2 protein chains.
Amino acid sequence: MAETALRILDEYGLPDLTMRRLAAALDVQPSALYWHFPNKQSLLAELADRIVAPRDARRDAPRVASQAGERDWAARTRSEAESLRDGLLAYRDGAEVVSSTLALGLGASGPGERLTAAIESGGFDAETSRRAATALAHFVLGHVSHEQQRLQYDSLGVLPDGAVPDALDAGGEQAESFTFGVTLLVEGLERHRVTR
Amino acid sequence: MAETALRILDEYGLPDLTMRRLAAALDVQPSALYWHFPNKQSLLAELADRIVAPRDARRDAPRVASQAGERDWAARTRSEAESLRDGLLAYRDGAEVVSSTLALGLGASGPGERLTAAIESGGFDAETSRRAATALAHFVLGHVSHEQQRLQYDSLGVLPDGAVPDALDAGGEQAESFTFGVTLLVEGLERHRVTR
DNA sequence: ACCTGAACACCGTTCAAGT
DNA sequence: ACCTGAACACCGTTCAAGT
C-alpha cells in the first residue's frame, strides 16, 4: 500500500496523491484505507520514513570526493548531506513530504542521527553537533524543496521559456549551489572550533 | 481583501484559509473572489509578499548585537537574516506560505536582494554573494517552517506533554538554534575568503 | 480481519446572469 | 466594474453493515 502511494507520488506529485486516488489504484473503496492507517497524515509519515531511509546504492563509503587536506569528519558529513539530498530527490515532491511530517519527530530520526554522528566524529560536543546537524538538515530541506518546486513549475510550463525569473537562485546548476551551501556550514563549523 | 486573508491566516492557520472562508469573512460569494485574483495561488503569492515586506519596526540599523571584532558585513547579514525570520514568525504558518510561492520568484525578491547586498558589502563577488544568500534563505525557511510546525502541534496538544520527541531539534530554544545556524554560514563565508 | 456502501461536511473554480 | 446563483468535479473521514 505504501509502495503504491509512493508510485502515485512519484508519477503525479503530492497534490494528486489523494486517498481516493490511492484507493482506486488499489481497486478498493476509499474507506478501506482507514483500516490500515488512521488518517492521511500517518500515511505521509510512513512515506517520509521510506523516502529518507538509506538506499542500497549509497553505502557507508563516502561517495563525495574529499577536498585536498579535508578532514575525515567533513567528508563524512558532506556525504551524509549529499545522500539525504539524493533520497529527497528520488521521489517527486519528496522534500515536501518529509518537511510536512518532520515536526512530529517521525521522519528524520534516521538521517538526523547519521548527520549528528558524522559531525561528532570531528570531535565536536554533542550539543554543537546536534545543532549543526539541525542547521544542515534545514538547509537541505529548504534547498531541495525549492529545487523540486522549480521542477514542477518547469514541467507545467509556467515559467516563460527563456529567462528564469527566480529571485532566490537565478543561476540554475542546483548541485553546485547545494555543495556550496554545505561547504559554508562545514567550514563554519571548522572555524567555530578554531576560534573558541 | 489581502488584509482579511492575513487575519484568517494568523488566526486559524493555512489549512483553514480557504477561498470559501475568506469569502464568508468578506460577506461575499466565493465566486466574487475570482474577479480580484485569478486563483488561490496568486492570493497566496500576494500574502507572501506582504509577509516578507520589511516591517516598520525593523529599520536599516542593525538590531543584532555584533560580536566582538565582527566585521560590518557580518553584522548586517545577521541582521537581515534575523528580520527575515521575524517577518515569517509574524504570521501563523508564514514560512509555509512563503515557501510555497517561492519558486515562482514572486515572494523573495525583496529579502533575497537585501541578503545578497549585505553579503556583497563584505567584498564578496556577485556570484558568491548570491549563492550564500540562497543558502541562508533556505536555512531560514527550513528553520522557521519547522519552528511553526511545532507551534501548531503543540497548540493541538498532539505531543505528549513532557518530553518533546523531535528528532531534528530535541533541545528547544529556537532562537539560539537559529543564531547558531546563521553563525555557521557567516563564518563559513569568512573562512571561504581566507582560504582561497 | 478486512472491505463495501452510503453519507457528511467540506474544497477550488467556472460561468451565465444580474446591477 | 463588481457581485450572485448555481453548478462541476472533486476532497478526507466516519460508520453501519457485510464477508
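Worth knowing before you read on, the calculation uses all heavy atoms, side chains too, and leaves out hydrogens, waters and symmetry mates. Only a predicted model underlies this, so the values are computations on that prediction, with no experimental measurement involved.
One can place CZ of A:Arg20 at 14 Å from P of C:dA6, the figure rounded to the nearest angstrom. Separating the CG atom of B:Leu26 from the C1' atom of D:dC2 is a distance of 13 Å, rounded to the nearest angstrom. Remark: C1' of C:dT13 and CG of B:Leu43 are 14 Å apart, rounded to the nearest angstrom. As rounded to whole Å, 14 Å separates atom P of C:dC11 from atom CD of B:Gln29. Here D:dC3 presents its C1' atom at 13 Å from CG of B:Asp27, a figure rounded to the nearest Å. The interatomic distance linking B:Phe37 (CZ) with D:dC3 (P) rounds to 13 Å, in whole Å. To the nearest angstrom, P of D:dC2 lies 13 Å from CE of B:Met1.
Comparing C:dC2, C:dG12, D:dT4 against the side chain of B:Val28 picks out D:dT4 as the nearest. Listed candidates were D:dG5, C:dT13, D:dT13. Nearest to the side chain of A:Lys40 is D:dT13. Listed candidates were C:dC3, C:dC2, D:dA1. Nearest to the side chain of A:His36 is C:dC3.
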Can you give me the N/O atom pairs linking the protein to nucleotides 14-19 of chain D at distances under 3.5 Å, or say none if there are none?
none

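For the residue pair A:Arg78 and A:Thr179, no side-chain donor N or O sits within less than 3.5 Å of a side-chain acceptor on the partner.
Considering all non-hydrogen atoms of both residues, A:Leu136 and A:Ala81 come closest at CG-CB, 4.5 Å.
The aromatic rings of B:His138 and A:His146 stand perpendicular to each other, their planes meeting at an angle above 60°, with 30° marking the opposite boundary.
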Practice task
Test salt bridge (charged side-chain N to carboxylate O under 4.0 Å, His left out) on A:Glu190 and A:Arg193 and set out the steps.
Solution key: CA-CA 5 Å; A:Glu190 187 59 46; A:Arg193 160 162 48 204; 3.0 Å; yes
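A salt bridge is absent between A:Arg191 and A:Glu187; no separation between the charged side-chain nitrogens and carboxylate oxygens falls under 4.0 Å. Of the charged side-chain nitrogens involved, none lies within less than 4.0 Å of a carboxylate oxygen, so that A:Arg76 and A:Glu80 do not count as a salt-bridged pair.
Stems are defined here as 3 or more consecutive Watson-Crick or G-U wobble pairs with pairing distances under 3.5 Å; those involving DNA chain C are C:4-8 with D:12-16, C:12-16 with D:4-8.
At least one donor-acceptor pair under 3.5 Å links the side chain of A:Gln148 to the backbone N or O of A:Ala95. Between the side chain of A:Asn39 and the main chain of A:Ser42, a donor-acceptor pair closer than 3.5 Å is present.
Across the C1' atoms, C:dC11 and D:dA7 are found 14 Å apart, a figure rounded to whole Å. When the C1' atom is compared between C:dC10 and D:dC8, the two are found 15 Å apart, to the nearest whole Å.
When side chains are defined from C-beta on, A:Arg7 counts as touching A:Thr4, because their heavy atoms get closer than 4.5 Å.
Comparing B:Leu33 and A:Met19 along DNA chain D, the residue whose closest nucleotide (by nearest heavy atom) sits nearer the 5' end is B:Leu33.
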